[in-house]
Structure formats: structure tokens, C-alpha cells
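Encoded as C-alpha cells, the structure appears first; notes follow it.
Residue numbering restarts at 1 for every chain, and letters A, B, ... go by the order of the sequence lines. Just so you know, these numbers use all the heavy atoms, side chains as well, and skip hydrogens, waters and symmetry mates.
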Amino acid sequence: MTTVGVPAGWPATEEEARAVQDELRGLVVLDEPGPPPGEGRVTGVDVAYDDDLDLVAAAAVVLDAATLEPVAEATAVGRVSFPYVPGLLAFREIPTVRAALDALPCPPGVVVCDGYGLAHPRRFGLASHLGVLTGLPAIGVAKNPFTFTYAAPGPVRGSCAPLLAGAEEVGRALRTQDGVKPVFVSVGHRMSLDGAVAHTLALTPRYRLPETTRRADALCRRALREAAQDVSGRRGQDGTIRQAPTS
DNA sequence: GCGACAG
DNA sequence: ATCTTGTCGC
């Protein structure tokens with residue numbers, strides 16, 4: 001596990017954060033189909049919070065794309081770098097997620113985020129932001145439609161319908177299991193929408209959410225529990241931080 | 001102006 | 001995201 005602070009120059013206000021998004025948005029690569037699903041490696045990233053303890057724990061879990069078995073994993077713990085503001089989620093998650101990705105012993109392949117990419121008020125959600133900063137192909141798979149609209153996809157696994165911002169298709173509502181609420185897939189970086197949907201289907205043989213997300217979610221929660229244990233052990237009742245044990 | 005709003 | 005027990009079902 002690695003520890004991270006808030007990066008120097010990280011936006012402190014919503015205005016600054018939006019300006020960063022407007023500046024980086026142009027760097028998203030949309031003309032690559034991305035690696036084929038079922039080959040190479042796919043990495044899930046997720047984050048868990050304890051706002052009271054000012055803790056963020058991130059996990060990155062690398063799966064073999066063919067078998068969906070984990071081949072590597074890493075975690076990182078840091079301070080909360082930004083409040084939750086709809087549309088600015090990336091500023092809350094990225095520093096710790098990047099640290100976890102950097103701690104991996106192997107290349108991540110395609111990164112699967114818990115949230116959106118292009119399906120975003122300024123077309124630059126978490127998956128796009130993380131993709132641009134790392135250069136990795138990335139997609140977003142979210143659990144709800146945010147402010148976007150969609151027609152219900154067919155009831156069978158694999159059915160999908162456009163996720164719409166007005167008339168613009170920003171992603172797809174995808175049924176990953178028969179009769180189960182769809183997930184909301186969007187392109188992050190260096191991947192086509194069809195590719196993002198195909199990857200998502202390949203990652204959901206059994207459950208609604210991708211195996212990448214499920215594994216990363218379980219791991220970051222565990223990392224948060226352990227970090228919270230450590231912190232409470234080192235903090236007095238007045239919040240004073242005592243010295244970490246030297247061993 | 002007010003409410004809704006990825007995680 | 002997080003607060004949270006039991007419960008219905010494969």
C-alpha cells in the first residue's frame with residue numbers, strides 16, 4: 001500500500017476544477033477502436049471514503065481478460081482531495097487512483113472506471129480524465145444515468161439503448177444480465193463506444209457490474225478499513241496525530 | 001430562482 | 001459514497 005497527499009497545484013475550487021476540465025478535454029483520443037475484448041489485461045479501479053477521518057482508499061485490480069482471474073492488485077491511501085460535487089468527481093478520486101495504478105507490478109491494459117467518461121456535463125468525466133493523465137485506454141461504467149436520458153433497453157442481456165444528452169449520444173444503457181437494471185457505459189479515452197460496450201459485456205458473465213469493478217470495490221473497502229484502524233490507533237481523542245510506530 | 005445531480 | 005438486519009432465492 002502506498003500513501004499519497006493532495007498533489008501540488010490540485011484545484012482548490014470548483015471554478016479551477018472546471019477550468020482544468022475545459023483545458024484537458026481536447027486531449028481525449030476518440031479515433032482509436034481500443035484493444036479487443038477478451039484479450040490481454042483489464043484493470044478495475046475504485047475508491048472508498050471516510051470523510052470523518054479524511055481518508056481515501058483506492059484499489060486497482062488487474063484481471064486476465066480471457067479468464068477474468070486477478071493477476072495483480074495494488075492499493076493506495078490518501079487524504080480527501082476535493083469534496084463531492086456532481087461533475088467534478090474526478091478531482092476527488094484521481095490522486096489516490098493514480099497512486100494505486102502506479103503501484104501495480106504490470107501494465108494495466110484497459111482501465112475500467114466506476115463512473116463516466118464522455119457522459120459528463122463537459123464531456124470529461126472520470127474515465128476520460130484518468131485516461132488522458134495516464135495515456136491508457138479507459139472506459140466508464142456507471143450504476144445510474146446521472147442527468148442523462150435513455151429509453152429502456154430490451155430485457156435480454158446485451159440489449160442496449162443510447163444514453164442521451166439532448167440528441168447527442170454520450171454513452172449507452174446496457175443490459176448486462178437478463179431482466180436486471182442496465183449499467184451506463186461511456187467512452188473514456190482511446191476506445192470506441194462499441195468497444196466499451198463489448199468490453200463491459202465480456203466483464204459481466206454473471207453479475208450486473210463488471211468483475212473489474214466488483215474486485216476493485218471489495219479491495220478498496222478492505223484497504224479503507226485497515227487504514228481507518230491504523231489512523232484511529234495513532235490519533236488521540238483530540239484528533240492529535242501521534243507518531244507512526246517505527247519498526 | 002429551485003431542484004437534480006457519477007461516487 | 002455511507003448509514004444498516006434480516007431475508008428471499010439460486
Side-chain angles (χ1 to χ4, degrees), chain A residues 11 14 17-18 20-21 24-25 28 44-61 75-98 100 111-132 138-150 157 163-166 168-174 176-189 193 196 200 205-210 212-225 227-228 231-232:
Chain A
E14 299 184 21
R18 285 190 204 96
V20 169
Q21 291 181 329
L24 295 182
R25 175 174 47 195
V28 177
V45 293
D46 195 17
V47 175
Y49 301 94
D50 189 320
D51 284 281
D52 293 330
L53 292 177
D54 186 26
L55 281 178
V56 183
V61 180
T75 60
V77 172
R79 318 288 298 273
V80 174
S81 53
F82 209 84
Y84 172 66
V85 179
L88 300 178
L89 178 65
F91 296 93
R92 190 166 164 78
E93 309 219 324
I94 277 183
T96 322
V97 166
R98 283 201 76 177
V111 177
V112 181
C113 297
D114 196 4
Y116 283 126
L118 294 187
H120 178 273
R122 286 167 294 283
R123 306 295 178 266
F124 196 69
L126 172 63
S128 297
H129 201 146
L130 189 62
V132 163
I139 68 174
V141 181
K143 296 182 284 292
N144 73 57
F146 201 7
T147 60
F148 304 106
T149 60
Y150 65 102
R157 166 175 153 85
L163 185 64
L164 299 171
E168 179 185 1
E169 183 179 32
V170 294
R172 232 160 254 168
L174 173 67
T176 55
Q177 297 298 321
D178 291 357
V180 169
K181 175 185 161 124
V183 299
F184 303 89
V185 179
S186 58
V187 168
H189 184 57
L193 182 52
T200 304
R206 170 106 171 85
Y207 298 103
R208 174 180 178 238
L209 297 179
T212 39
T213 304
R214 293 166 42 78
R215 298 272 189 178
D217 180 71
L219 182 56
C220 71
R221 290 188 196 226
R222 194 186 324 149
L224 181 65
R225 280 202 308 272
V231 168
S232 1

Task: SB check A:R222 A:D217 (cutoff 4.0 Å) - done: no
Closest non-hydrogen contact found for A:T176 with A:R208 is OG1-O, 2.7 Å
Separation of C:dT2 atom P from A:L55 atom CG, nearest Å, is 12 Å
Counting primed atoms, P, OP1 and OP2 as sugar-phosphate and everything else as base, the B/S/- map of nucleotides 2-7 of chain B against protein heavy atoms under 4.0 Å is ---BBB
note: A:D52, atom CG; C:dC3, atom C1'; distance rounded to Å ~ 11 Å
- Could A:E93 and A:R98 be called an ion pair, given the rule that one side-chain N must be under 4.0 Å from one carboxylate O? no
Please work out whether the ring planes of A:Y116 and A:F148 are parallel, tilted or perpendicular, with thresholds of 30° and 60°.
perpendicular
Next on the checklist: Can you confirm if the aromatic rings of A:F91 and A:H129 lie within a centre distance of less than 6.0 Å?
Outcome noted: yes
May I ask you to say what A:R221 touches in the nucleic acid, namely base, sugar-phosphate or nothing, with a heavy-atom cut-off under 4.0 Å?
sugar-phosphate
